There are 2 protein chains.
Amino acid sequence: MTSASPSGRRTGRPRSAEADRAILDATRAALVELGWGKLTLGDVASRAGVAKTTLYRRWAGKSELVVDAVAALFDEHLELPDRGGLQADIEGVVLQFAALLERPETKTALMAVVAESTRDDALRARIRSAIVDRQKTLVLLGRERAQARGELPHESDPGAADRNADLIFDVIAGTVLHRTLVSAESVDAEWARSFAALVVGGLASVGTLP
Amino acid sequence: MTSASPSGRRTGRPRSAEADRAILDATRAALVELGWGKLTLGDVASRAGVAKTTLYRRWAGKSELVVDAVAALFDEHLELPDRGGLQADIEGVVLQFAALLERPETKTALMAVVAESTRDDALRARIRSAIVDRQKTLVLLGRERAQARGELPHESDPGAADRNADLIFDVIAGTVLHRTLVSAESVDAEWARSFAALVVGGLASVGTLP
DNA sequence: GCTCTTTCGCTACGAGTCGTAGCGTAACTG
DNA sequence: CAGTTACGCTACGACTCGTAGCGAAAGAGC
């Protein structure tokens, strides 16, 4: 056992941060060109100018690597600018999420890793913390703003509030996902407006429930 | 060139229908035990008591085979019993779809083939006709019934009617899919009630739009 | 019955991928 | 400078892929 140290490993050659960048970039490029199915770790390694063994030292397998590569895109491109109203905020996040899902990297990768995660709890946890939870944050932020504006009531029961937030999150993320990847139709401003109107209308009626 | 005949192929040894059943059964069994990722066609063949070459004569690859194997489940387990009201009908179809998605075969297979289909138009078309379009039929049937009951207006603009049906379909199927496979939480009667209430409430407000 | 056609099970194959092991070298710490 | 860890490289057995070739089986048409 090595003695505990302030921050992680203490001695020896440090892992190259540049290699990390190169690998994740190469992964995204390979996803674009080959898609999830034909992507191989050997190919990613050679694209990144890195030995295949280096890849296996850092990631357990294809799924974990791709999750990290895609998660970086979510970090960069998801935010919730305040558009002044609940419906406009929903439209905004819908358009952002859709734009992300229409990229070839995420299109082919996201469903694939979720499919793998149905039989791999560790992978599911990784997806959750790296991608899903960050999306859900936007929903919570949107609710806060709407409550501050008086568009939504402050819920008294915290359990019900959590369940409602989860529901809205599944509705928004799930619908955009299905529209983009299953129905394979694009999300334009008009569709986003119709969908956001439906969600807001539904929220109003659910809010009046016991 | 063989002369045209009333129905497909005319001569030679016919394909064994029993082999088809055995192969699709074996595929579902292999999906349960191994999941999409570790399922191999060689394994399916030996489970079915069939030569691997027979498999390749009938299906182009793993994706096509799995689509057919899963589509059979959708055919068997999706219907729309008339529960007497729009919200109750939605609850019913949500619970049915969720029950289907909670089966280990469909859980691991559906997202995987959709992921593959993002780079394969023929596969996407197969999924659409074998699975998606049959689900969408339920939405159209539910709307008809609701209109007959007077719960929904008869839409005058057919284009807008189509767009609304597509929207509702993406909302229902997408939300249940996301709840089940991404959030990985079960769909119980209470959740179905909340979600159906949100959809019905949203429909009411969208119906009052220009 | 006989022939023709297609499918069947079986075996075998080259190509490609996987994930790991071993080795000598590079980089950083104390 | 000694200790430790990461690196690139090579090589490997195991596995899967999809296909080819063969003789036998199962119907259709005459």
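In what follows, chains are A, B, ... by sequence order, proteins preceding strands, each numbered from 1. These figures come from a predicted structure and were not determined experimentally.
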[X] has an atom [atom1]; how far is it from atom [atom2] of [N], in whole Å?
X       : N      : atom1 : atom2 : answer
A:Arg57 : C:dA27 : CZ    : C1'   : 14 Å
A:Glu18 : D:dA6  : CD    : C1'   : 15 Å
B:Arg15 : C:dT5  : CZ    : C1'   : 14 Å
A:Arg13 : C:dA27 : CZ    : P     : 6 Å
A:Leu55 : C:dT17 : CG    : C1'   : 14 Å

Q. OP1 or OP2 of D:dT5 sitting under 4.0 Å from any side-chain N/O of A:Thr11?
A.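 No, A:Thr11 has no side-chain N/O under 4.0 Å of OP1/OP2 on D:dT5.
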Q | Pairing residues for B:Arg145 by the salt bridge (Lys or Arg N to Asp or Glu O under 4.0 Å) criterion, not counting sequence neighbours | A |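 Testing B:Arg145 for salt bridge (Lys or Arg N to Asp or Glu O under 4.0 Å), a comparison that skips the adjacent residues, returns B:Asp82, B:Asp89.
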Q: Assign a letter to each nucleotide of nucleotides 11-20 of chain D from its 5' end: B, base within under 4.0 Å of a protein heavy atom; S, sugar-phosphate only; -, no contact.
A: -----SBBBB
Q. Taking the side chain of A:Val50 as its heavy atoms from C-beta onward, which of C:dG9, D:dG8, C:dT5 lies nearest to it?
A.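 Given the options C:dG9, D:dG8, C:dT5, the side chain of A:Val50 is closest to D:dG8.
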Q: Just jot down the side-chain hydrogen bond (donor to acceptor under 3.5 Å, both in side chains) partners of B:Arg128, sequence neighbours excluded, or say none.
A: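 Not a single residue meets the side-chain hydrogen bond (donor to acceptor under 3.5 Å, both in side chains) criterion with B:Arg128.
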**Q.** Side-chain touch A:Phe74/A:Thr106, heavy atoms, less than 4.5 angstrom
**A.**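 The answer is yes; the side chains approach within 4.5 Å.
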Q) Does the A:Glu64 side chain pair with the main chain of A:Ala122, one donor and one acceptor, at a distance under 3.5 Å? A)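 Flag not set: sc A:Glu64 to bb A:Ala122 has no pair under 3.5 Å.
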Q.
With no hydrogens and no angle check, just 3.5 Å: does a side-chain donor-acceptor pair link B:Thr175 and A:Asp170?
A.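 Looking only at side-chain atoms, A:Asp170 and B:Thr175 do not form any donor-acceptor pair under 3.5 Å.
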Q.
Just verifying a value: how many Å separate B:Glu116 CD and B:Trp36 CH2, rounded to the nearest 0.5 Å?
A.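 Between atom CD of B:Glu116 and atom CH2 of B:Trp36 there are 5.5 Å.
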